Amino acid sequence: MLMETSEIAPAETAGIAPGAPIVHGTNVGKTFAGGSVVALEGATFDIAKGEFVSLVGPSGCGKSTLLRLISGLIDLSSGQMSVHGDPVKGPRTDVGMMFQKATLLEWRTAIENVLLPTELNGTITAKDKRHAAELLELVGLKDFMFSYPSQLSGGMQQRVALARLLQTGADVLLLDEPFGALDEFTREHLNVELMRIVAEFGATTIFVTHNITEAIFLADRVGVMTPRPGRLAAMVPVNFPRPRELSLQTTPEFNVLVEQVRNTLGSH
Ligand SMILES: Nc1ncnc2c1ncn2[C@@H]1O[C@H](COP(=O)(O)OP(=O)(O)OP(=O)(O)O)[C@@H](O)[C@H]1O
Ligand SMILES: [Mg+2]
């Protein structure tokens, strides 16, 4: 038996994670267009150090909005949010974000792209270069450090973007459908790699996806979001031991959880 029976609790009661909370939100809300569009309402959650939380929900339910609020890219309309115990007031160096598209600079090699955040902060040292090379090795691109983005596949470009994110030193990683534009085979492979990499870094990760299987496979907990207004409807614990292999996805226990998440989505 791979897991304990999990019970889906409302986010308000299941939101308290074990260990020190790194990301904390109380009644977080966001409206747009002068208040007429409620993108997110009443989200309360605690995310522990090193935890991997997936967020699933239909298009427009506020997933990206929640990540942008945590990252400090946009301001809260209501509630409170803190990272590492400090209220979020704007973008910060301990939080990094990655998007569906890699947004690499075409005229820079892979390693030059990884070094970009360092360069924007000052001069690049030999140590920075060694670190960037190690990160590219970690994401499986040892032999492509001096390749240009146009010479890399979509999956390889996302690996560069992940190395660039880690180069910033952020320990809270916000990943907004990072592999959503890739084919299924590449995506599954990168998911397994991602679990290894974030575990190695001890990073706290929030991962947005439309894919329920992917959400469960990766996560310690799955945040289920529902639209109109966007709400964090439940936090579903996923207790499968790690490291996990893709074959987990075909087990009955896994599929019970898929059904639970699907039902939670459907019941709102
Ligand atoms: N800058 C903005 N101005 C106005 N409305 C916005 C803005 N950003 C988001 N919204 C609205 O807020 C709601 C939530 O958007 P959000 O992008 O967070 O959804 P999502 O869950 O990430 O969707 P998807 O799965 O399609 O990426 C939507 O109704 C959207 O139209
Ligand atoms: Mg989105």
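Treat the numbers as computed from the prediction; the structure is a model and nothing was measured. Order of appearance sets the numbers: ligands from 1, and atoms from 1 within every ligand. The chain is numbered in sequence order, starting from 1.
- For Cys61, a nitrogen or oxygen atom sits less than 3.5 Å from a nitrogen or oxygen atom of ligand 1, counting backbone and side chain alike.
- Of the listed residues (Leu173, Leu162, Val192), just one forms a side-chain contact (heavy atoms from CB on, under 4.5 Å) with Ile197, and that residue is Leu162.
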Check the pair Asp176, Arg68 against salt bridge (charged side-chain N to carboxylate O under 4.0 Å, His left out), reporting the backbone distance first and the verdict last.
CA-CA 10 Å; Asp176 199 350; Arg68 286 161 70 210; over 6 Å; no

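- Atom 1 (N) of ligand 1 has as its closest protein heavy atom Phe32 CE2, 3.6 Å.
- For atom 15 (O) of ligand 1, the protein comes within 4.0 Å by at least one heavy atom.
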Start with the C-alpha distance between Gln260 and Val222, add both sets of side-chain angles, then the distance that settles side-chain contact (heavy atoms from CB on, under 4.5 Å), and finish with yes or no.
CA-CA 11 Å; Gln260 283 183 342; Val222 178; over 6 Å; no

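- At a 4.0 Å cut-off, not a single heavy atom of Gly57 sits close enough to ligand 1 to count as contact.
- Here is the list of ligand 1 atoms found below 4.0 Å of a heavy atom in Arg68: 8 (N).
- Shortest contact from atom 31 (O) of ligand 1 to any protein heavy atom: Val37 CG1, 4.9 Å.
- Closest to atom 18 (O) of ligand 1, if we only count protein heavy atoms, is Thr65 OG1, 2.6 Å.
- The single protein non-hydrogen atom nearest to atom 23 (O) of ligand 1 is Gly60 N, 2.8 Å, given as residue, atom name and distance.
- Not a single donor-acceptor pair under 3.5 Å links the side chain of Arg187 to the backbone N or O of Glu214.
- In terms of protein heavy-atom proximity, atom 26 (O) of ligand 1 is closest to Ser59 OG, 2.5 Å.
- Only the side chain of His210 comes within 4.0 Å of ligand 1, counting heavy atoms alone; its backbone N, CA, C and O stay farther away.
- Scanning all protein heavy atoms for the shortest distance to atom 17 (O) of ligand 1 gives Ser64 CB, 3.8 Å.
- Taking NZ of Lys30 as the reference point, atom CG of Leu66 lies at 12.5 Å (rounded to 0.5 Å).
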Might you work through the side-chain contact (heavy atoms from CB on, under 4.5 Å) test for Leu138 and Arg196, ending with a clear yes or no?
CA-CA 10 Å; Leu138 181 74; Arg196 172 182 65 80; 3.7 Å; yes

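- The main-chain N or O of Gly50 is found under 3.5 Å from a side-chain atom of Thr204 such that the two form a donor-acceptor pair.
- Without hydrogens or angle criteria, Gln158 side chain to Gln100 main chain gives a donor-acceptor distance under 3.5 Å.
- Shortest contact from atom 27 (O) of ligand 1 to any protein heavy atom: Glu177 OE2, 3.8 Å.
- When each of Gln249, Glu245, Glu188 is paired with Phe217, the side-chain contact (heavy atoms from CB on, under 4.5 Å) condition holds for Gln249 and for no other.
- In this structure, a donor-acceptor pair under 3.5 Å is present between the side chains of Asp128 and Thr125.
- Considering only non-hydrogen protein atoms, atom 25 (O) of ligand 1 sits nearest to Lys63 NZ, 2.7 Å.
- Distance check for Ser59 against the Mg ion (ligand 2): none of its N/O/S atoms falls below 2.8 Å.
- Close N/O approach between Gly62 and ligand 1 is found [any backbone or side-chain N/O within under 3.5 Å].
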